[in-house]
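Since the structure comes first, as structure tokens, the remarks are kept for the end.
First the proteins, then the strands, lettered A, B, ... as listed; each starts at 1. The basis for the numbers below is simple: all heavy atoms, side chains too, and nothing from hydrogens, waters or symmetry mates.
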Amino acid sequence: MTRDLRYLRAITGDPSTRVTVQRERAQKRPQVIDEHIVEIVSDSGEGAQKAGQIFGAISAKMGNGVWTVEIIPAEIKPPARSRAGASGIRIRFGSNLISNMGDAANVVVALNEQVLYGRIDSGAYKQGTAVLLENKWGKDASPEIVEQYQTAVAYFRSRGLVVHELPIEEGCRSVTASPRLGKNMFVLGILCWIYNRNLDKALAEVACAFARKSEEVRALNRQLIEAGFAFAQAHLTMHYDVPARPQRTPLVVMNGNQALALGVMASGMELVAMYPITPATSASHYLSEIFHDVGGFVHQAEDEIAAINFAIGSSFSGKTACTITSGPGLALKMESIGLAVMAEIPLVIVSVQRGGPATGLPTKVEQGDLLAALFGAPGDAPKVVLAAATIEECFHLLIAARQLAETFRIPVILLTDANLATGVQPFPRPKLRPQWLGLPIDQAPWQRGVSAYDWDEKTGLSPRPVPGQRGGEYVATGLAHTSGAKVAYEPDANEWGLTMRSRKLATLQQTLKPPAVHGQEKGDLLVVGWGSTLGAIEEAVDRARADGLAVSSVHLRFLSPLEPGLKQIFSRFRDIVTVEINYSDAANSPRNAEASRRYGQLAWLLRAQLLFDIDCWSQARGQPLQPGAIYQEIRRRFGLERGELACSV
Amino acid sequence: MFGLKADWSLEVTQRYFTLESYTGADARWCPGCGDHAVLTAVQRICRDEQLPPERTVAVSGIGCASRFPHYMATYGFHGLHGRALPLACGIKARRPDLHVWVATGDGDCFSIGAGHWIHAVRYNMDITVMVFDNNIYGLTKKQTSPTSPAGLKTNTHPLGNPLPPQNPLSVTLAISNVSFVAQTIDWHPMHLHATLHAAFKHRGLSFVRILQRCPAMNDHAFDELQRNPEKLSLLTHPQGIGIDGSAADRFPNQQVHDPSNLAAARSMAEAGIPIGLLFQDETRPCYDHLTSAGIGTSIDAKLRALDGALDRFAV
């Protein structure tokens with residue numbers, strides 16, 4: 001395919017990875033590495049994400065640990081070649097379990113130079129990161145573009161990036177006359193060679209990913225991958241092997257929203273009522289494709305409030321339902337969540353968190369809904385709040401959420417976030433259990449003399465009549481009510497209802513186990529986290545422990561009620577700090593007196609609940625936390641210089 | 001049962017419901033409030049149709065009328081202001097066996113719940129929607145409602161409502177997939193009963209606007225119509241709402257209107273005060289057919305489908 005090799009003169013690089021024409025192809029031996037981080041970035045619509053997803057799936061299927069995360073611009077179609085318009089994907093893969101997106105990338109493939117600026121600004125690369133850059137812009141008809149290109153390449157090199165200018169589009173031309181749409185597959189072929197991926201497995205995966213396309217398209221994709229593979233084999237020296245780790249249990253690989261959708265199905269819930277909102281909607285897209293296979297239905301409501309009330313209606317009728325949303329939707333649903341608390345309607349609300357307040361950062365991650373979930377409704381509205389820490393937990397906690405909702409006759413909010421929603425990770429294939437699906441609704445006559453809210457004083461629990469149960473007729477109401485579901489006119493009746501609804505949380509807490517401590521049970525510093533930061537925090541703690549620092553971490557799944565035993569755990573550490581993706585005032589920020597400092601959301605909660613002087617370290621940059629950043633913060637807290645980790649450029 | 005000997009091993013399953021079977025708490029509406037008449041009409045229809053109370057659900061939002069479920073002895077859900085319709089649709093979604101009645105008001109439905117009104121009509125699920133329209137906010141004490149006439153002095157517009165009122169009939173008749181629109185008055189129990197009965201029997205969402213008197217906050221709102229019933233235009237048609245001769249005599253102004261004629265219904269809604277069935281079309285698609293698909297899928301079938309779904313993600 002590479003009939004014209006003149007362009008290779010343009011290829012430069014640092015001595016360690018200089019790209020040269022290898023004449024002895026057969027002798028190229030891959031260098032064995034533990035893990036790498038690769039990015040593909042491009043203008044929106046060039047298929048970078050598709051290529052990266054397939055690359056991640058191939059790697060997972062070959063037995064690597066994998067985490068992929070999408071790089072998403074806020075607009076559907078940002079202007080081409082714009083600095084903020086980078087669309088793409090990061091794939092971190094390695095021989096062992098990969099639990100987060102990692103720090104700076106080792107290799108980035110860029111289809112134009114402009115999209116790299118934003119990535120550099122967000123700290124995605126380091127000294128020595130190899131940039132495989134489409135070189136056609138350097139030969140563009142427009143002198144302006146040529147100049148932009150040359151300026152950028154010089155700038156990237158000045159920042160220590162190792163730029164390899166590659167004729168990607170030109171390479172595609174040997175296969176197709178319209179290379180713009182096929183470039184991603186050519187890039188996939190390049191990556192498959194660089195990382196010594198099995199080409200047959202790659203082609204099989206691509207065939208699967210494009211199963212719905214025409215044979216013509218599939219054949220073209222195959223040719224493009226082969227062309228990219230051959231091109232890389234001919235011209236690149238970078239050649240790595242990431243050995244697989246033996247895998248005993250069968251795995252599945254998916255993103256967090258797909259896991260949520262499968263969790264809904266495995267929970268036995270038959271109805272999801274939703275309104276489109278980023279980054280939650282893709283869960284409903286996937287459900288809409290397959291929910292009917294288990295007899296379920298996705299209702300796209302006219303708005304967020306309608307969605308939750310539709311779900312509440314279904315739950316009241318005996319068919320516990322789920323509504324999936326994100327921060328702004330959670331805010332709109334809040335009055336209705338209060339209704340579900342008051343009327344004791346089992347209900348599952350998922351919030352796939354994004355940056356706030358208001359429209360905030362619609363496509364980007366934040367852990368900003370915790371306090372809203374806990375305290376957003378007026379009055380005292382006790383509810384269960386869970387947070388998934390991994391993609392696997394998006395699946396399993398949804399099943400738990402339904403069961404908690406029904407057992408405790410209470411709404412359950414499950415928090416995930418944009419990082420989990422778009423991240424892809426392999427995890428053990430769930431062993432399905434029939435009991436997850438629940439029992440058919442009870443239509444036997446209601447026991448005479450038992451009231452609709454026959455609260456057990458010790459637990460606050462009460463059996464729930466379901467329409468169709470003769471003798472159980474009652475009116476669920478958002479008004480304060482008695483145990484007989486009658487409007488409460490007496491002051492004591494209101495207080496008693498509040499007491500019983502609150503008692504359910506105390507009862508639930510007594511059934512929970514204290515969280516496990518990652519690291520030693522005692523030490524100098526305890527890092528407390530929740531949600532999608534689990535992998536990054538534990539990786540950072542492990543690195544710091546390898547430096548000899550007495551640091552451990554605890555990760556919370558239950559935020560309401562809190563997991564028990566925290567006081568005992570906290571008391572064994574000198575300092576406690578929460579690490580979160582949300583806003584907090586820095587401890588030394590100007591004008592902040594101790595009493596006016598505003599903390600990260602988990603820190604607020606733990607300080608209030610446990611009376612420990614808990615500090616927080618949080619970032620709200622719209623990005624997942626990097627383990628390196630947490631590691632450096634841990635070192636800083638021990639009064640140490642920055643660690644040896646390669647820092648980003 | 002008559003004639004059965006006590007020791008016959010016959011299982012007698014027949015139940016008979018009386019008005020009492022549907023009578024819940026004592027209604028606390030003001031004396032003279034039109035809501036009492038609606039409650040009685042609904043209870044009579046439940047009795048006439050022998051609806052099992054455990055399969056009947058009264059749903060409401062917030063407002064005086066929304067106390068309705070508390071006064072029924074059926075299941076009920078007294079939800080949030082404006083949200084009765086999505087709640088009711090959700091109840092019906094996976095439980096097509098339930099009879100769902102919605103009690104809402106002019107504020108609840110046409111103002112805070114206006115979005116849901118538009119969409120619930122379009123969904124056309126098989127529920128009966130009664131809007132108690134007294135042209136005023138009663139429970140919150142006399143604020144202007146979307147149907148308050150221009151000039152009406154209220155606590156929020158002491159100099160008089162500056163805006164022309166909303167016309168709920170025109171709006172409803174303009175919504176795509178509308179399938180049943182009627183208007184009735186609380187002070188003619190026979191017409192009220194006949195209208196609600198037709199609404200109940202209708203397959204799809206039946207929308208009934210009830211002109212309802214509020215002696216406490218908007219007294220005299222309908223005095224003019226009561227004194228001069230010729231201002232009401234009774235719609236008559238074999239497919240319409242039938243009331244017998246002497247009851248119909250109370251309406252000196254009668255007009256033949258074919259309820260299958262949507263264009264005519266729309267002009268009716270714009271001119272005068274039509275009483276009766278403006279529009280009905282039972283052939284329009286009902287969303288419940290979609291929402292209830294798959295009910296009763298077996299555990300085995302579900303597990304098989306889930307397994308198949310997981311296969312697609314298998315490494």
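- Highest contact tally toward chain A, considering only Cys89(B), Ala93(B), Ala301(B), is held by Cys89(B) [criterion: heavy-atom pairs under 4.5 Å].
- Here the CG atom belonging to Leu80(B) is positioned 9.0 Å from the CD1 atom belonging to Ile305(A), to the nearest 0.5 angstrom.
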**OP:** Report the C-alpha distance between Leu303(B) and Leu437(A) in whole Å, list the side-chain angles of each, state the deciding distance to 0.1 Å, and finish with yes or no for side chain to side chain contact (heavy atoms under 4.5 Å, CB included).
**Re:** CA-CA 9 Å; Leu303(B) 288 172; Leu437(A) 297 171; 3.9 Å; yes
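- Neither the backbone nor the side chain of Pro440(A) comes within less than 4.5 Å of any heavy atom of chain B.
- Looking at Leu251(A), both its backbone and its side chain come within 4.5 Å of chain B, counting heavy atoms on both sides.
- Contacts between Ala314(B) and chain A at a heavy-atom distance below 4.5 Å involve backbone atoms as well as side-chain atoms.
- Per-residue heavy-atom pair counts under 4.5 Å with chain B were compared for Pro467(A), Ala306(A), Gly471(A), and the maximum is reached by Pro467(A).
- Contact count versus chain B (heavy atoms, under 4.5 Å) is highest, among Gly472(A), Ala273(A), Gly478(A), Pro426(A), for Gly472(A).
- Expressed to the nearest 0.5 Å, how far CG of Leu310(B) lies from CG of Leu432(A) amounts to 5.5 Å.
- Neither the backbone nor the side chain of Pro250(A) comes within less than 4.5 Å of any heavy atom of chain B.
- In this structure, Arg44(B) places its CZ atom where only 12 or fewer heavy-atom neighbours from other residues, nucleotides or ligands lie under 6.0 Å away.
- Of all heavy-atom pairs spanning Val252(A) and Val315(B), the tightest one is C-CG2, 4.0 Å.
- In terms of heavy-atom pairs under 4.5 Å with chain A, the best-connected choice from Gly294(B), Pro52(B), Gly90(B) is Gly90(B).
- Here the straight-line distance linking atom CZ of Phe316(A) with atom CD1 of Ile91(B) works out to 5.5 Å at 0.5 Å rounding.
- For Ile345(A), the part lying near chain B is the side chain, with the backbone staying farther off; criterion is any non-hydrogen pair under 4.5 Å.
- When the candidates Pro53(B), Ala58(B), Gly113(B), Gly115(B) are compared by the number of heavy-atom contacts under 4.5 Å with chain A, Pro53(B) comes out ahead.
- The parts of Ala309(B) that come within reach of chain A are both its backbone and its side chain, each placing non-hydrogen atoms under 4.5 angstrom from that chain.
- Neither the backbone nor the side chain of Ala311(A) comes within less than 4.5 Å of any heavy atom of chain B.
- For a residue to count as touching a neighbouring chain, one of its non-hydrogen atoms must lie under 4.5 Å from one of that chain's; by this rule Pro465(A) touches chain B with backbone and side chain alike.
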So which N and O atoms of chain B and chain A form donor-acceptor pairs under 3.5 Å?
from      : atom 1 : to        : atom 2 : distance (Å)
Glu54(B)  : N      : Glu473(A) : OE2    : 3.3
Glu54(B)  : O      : Gly468(A) : N      : 2.6
Arg55(B)  : NH1    : Gln443(A) : OE1    : 3.4
Arg67(B)  : NH1    : Tyr489(A) : OH     : 3.4
Tyr75(B)  : OH     : Val466(A) : O      : 3.0
Tyr75(B)  : OH     : Gln469(A) : O      : 2.8
Gly76(B)  : N      : Tyr474(A) : O      : 2.9
Gly76(B)  : O      : Ala476(A) : N      : 2.9
His78(B)  : N      : Ala476(A) : O      : 2.7
His78(B)  : O      : Gly478(A) : N      : 3.2
His78(B)  : ND1    : Thr477(A) : OG1    : 3.2
Gly90(B)  : O      : Ser314(A) : N      : 3.3
Arg94(B)  : NE     : Glu270(A) : OE1    : 3.2
Arg94(B)  : NH1    : Gly295(A) : O      : 3.3
Arg94(B)  : NH2    : Glu270(A) : OE1    : 2.8
Arg94(B)  : NH2    : Gly295(A) : O      : 2.6
Arg95(B)  : NH1    : Ser317(A) : O      : 2.8
Arg95(B)  : NH1    : Pro467(A) : O      : 3.0
Arg95(B)  : NH2    : Gln443(A) : OE1    : 3.0
Arg95(B)  : NH2    : Pro467(A) : O      : 3.1
His116(B) : ND1    : Glu302(A) : OE2    : 2.9
Tyr123(B) : OH     : Glu302(A) : N      : 3.4
Tyr123(B) : OH     : Glu302(A) : OE1    : 2.5
Tyr287(B) : OH     : His299(A) : ND1    : 2.7
Lys302(B) : NZ     : Glu270(A) : OE2    : 3.2
Asp307(B) : O      : Arg429(A) : NH2    : 3.1
Asp307(B) : OD1    : Arg429(A) : NH2    : 3.2
Asp311(B) : OD1    : Arg429(A) : NH1    : 2.9
Asp311(B) : OD1    : Arg429(A) : NH2    : 2.9
Phe313(B) : O      : Val253(A) : N      : 2.8
Val315(B) : N      : Leu251(A) : O      : 2.8

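- Across every non-hydrogen atom of Gly79(B) and Leu339(A), the tightest pair is CA-CD2, 4.1 Å.
- Smallest separation of non-hydrogen atoms from Phe297(A) and Leu290(B): CD1-O, 3.5 Å.
- In this structure, the portions of Ala266(A) lying under 4.5 Å from any heavy atom of chain B include both its backbone and its side chain.
- Pairing each heavy atom of Val475(A) with each of Pro69(B), the nearest pair is CG2-O, 3.3 Å.
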